[in-house]
Visitor: 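Supplied in structure tokens, the structure appears directly below.
Whatever order the structure lists them in is the order used to number ligands and atoms, beginning at 1.
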Amino acid sequence: MEEYGLELTNNSKASWAFSLPRSATCVGATELCRSVCYGNGVRYQTAGQKAKRQRNLRTVELLLSRGGPELLAQNLLSLIDQARPADWLAASVTGKPTLTPWSIRLHDVGDFHKISYVNAWWIAAQQRSQCSFWFYTRSFANNDLFDAMTELASLANCRGWLSIDSDNFESGLLAYARRPDVWKLALLQEAEETLSEDLLPALDKYTSAKQVVSFPVHRGRYHAPPIKHRNLFTCPAVLGAYKLEPDARKRRPCQACAFCLPAASTTTSVEVQS
Ligand code: SF4
């Protein structure tokens with residue numbers, strides 16, 4: 001009998017994350033991102049991790065087919081609540097901020113593959129305004145899907161990044177140009193010799209200083225030499241400035257750096273309900 005259920009992953013870089021199988025959901029994957037995806041890594045390829053991603057997708061599809069985005073959103077809400085920091089209750093009593101932010105990265109593996117699924121996250125994220133959400137996506141070629149993701153990325157507690165590389169930067173920049181007020185850009189950065197020579201000049205047309213987060217292609221401790229360019233902000237975790245943090249009660253690299261998170265998400269102030 002097939003199992004159902006939604007489950008988060010807790011990882012030592014981003015903290016809480018929600019994952020789906022790449023094969024079924026990475027509808028805009030490029031050859032480069034497929035080849036260097038960290039989902040290829042040993043930790044993501046265990047039978048348990050693969051089964052979890054398949055179970056998440058099976059459950060997403062079932063809930064969407066039975067009750068649309070609203071039913072899926074109800075179930076996502078309980079998942080989001082599980083990601084509350086451990087000191088949430090104490091913070092709500094004392095009125096102090098939590099030690100770590102309440103945050104969820106959507107898709108440490110996987111991507112948005114259909115509009116109804118995006119809409120479910122929009123409903124859920126709107127109802128959990130104290131939780132910060134962020135995601136990187138390559139699903140921007142389909143205009144309707146892009147418009148739905150734009151709605152999600154427009155929420156104050158959500159930040160969306162269009163993920164580009166030498167293979168897809170033209171379409172990524174076209175999508176970005178439609179809503180530069182909402183979207184940010186993330187570059188999967190190859191070594192300078194192999195990067196398309198048109199990419200950086202194109203970025204210059206659309207962005208300004210330190211606006212584009214850049215991830216030098218990396219495997220383990222090796223990474224491509226970071227390109228120094230005024231519009232790029234190279235991820236400090238890739239460069240080793242932040243160590244992976246195994247303890248969930250402490251800030252993980254992305255929570256400490258917070259460049260990719262929505263503004264004002266370094267801690268969470270708990271509003272006490274009267
Ligand atoms: S730039 Fe900062 S927030 Fe973004 S992935 Fe790197 S460490 Fe995480």
Visitor: What residues, two or more places apart in sequence or in another chain, satisfy ring-ring contact (aromatic ring centres under 6.0 Å, His included) together with W16?
Guide: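 So W16 forms no ring-ring contact (aromatic ring centres under 6.0 Å, His included) with any residue.
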Visitor: List, by chain and then residue number, the residues other than L32 in its hydrophobic cluster (Ile/Leu/Val/Met/Phe/Trp/Tyr, side-chain heavy atoms under 4.5 Å); write none if there are no others.
Guide: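 Via sub-4.5 Å side-chain contacts, L32 links to V36, L188, V217.
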Visitor: Keeping the roles fixed (side chain from T25, backbone from D111), state whether a donor-acceptor pair exists under 3.5 Å.
Guide: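 Yes; at least one donor-acceptor contact below 3.5 Å.
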Visitor: Give me the number of protein N, O or S atoms whose distance to atom 4 (Fe) of ligand 1 is under 2.8 Å.
Guide: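 My tally for this metal is 1.
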Visitor: Does only the side chain of Y136 get under 4.0 Å from ligand 1, or the backbone, or both, or neither? Count heavy atoms.
Guide: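 Within the 4.0 Å criterion, Y136 contacts ligand 1 through side-chain atoms alone.
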Visitor: For ligand 1, is any non-hydrogen atom under 4.0 Å from F215's backbone (N, CA, C, O), its side chain (CB onward), both, or neither?
Guide: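 Contact part for F215 vs ligand 1: side chain (C-beta onward).
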Visitor: Taking atom CZ of R105 and atom CZ of R159, what is their separation to the nearest 0.5 Å?
Guide: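 It is 15.0 Å, given to the nearest 0.5 Å.
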Visitor: With heavy atoms of P236 as the reference, note each atom of ligand 1 found under 4.0 Å away.
Guide: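 Checking each atom against P236, I get 1 (S).
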Visitor: Checking side-chain polar atoms at under 3.5 Å, does N11 have a donor or acceptor matched by the opposite partner on R252?
Guide: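 Side-chain D/A pair, N11 to R252: absent.
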Visitor: Would the distance check show the side chain of N168 and the main-chain N or O of S163 forming a donor-acceptor pair, the cut-off being under 3.5 Å?
Guide: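 Side chain of N168 to backbone of S163: a pair is present.
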Visitor: Taking only heavy atoms of K13 into account, list the atoms of ligand 1 that are under 4.0 Å away from them.
Guide: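 By the 4.0 Å cutoff, the relevant atoms are 5 (S).
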Visitor: What side chain to side chain donor-acceptor pair (under 3.5 Å) pairs are there with at least one residue in residues 75-84, not counting sequence neighbours?
Guide: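 Pairs touching residues 75-84 that pass the test: D81-R128.
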Visitor: Once rounded to the nearest 0.5 Å, what's the spacing between atom OG of S139 and atom CE of M149?
Guide: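 The distance works out to 5.5 Å.
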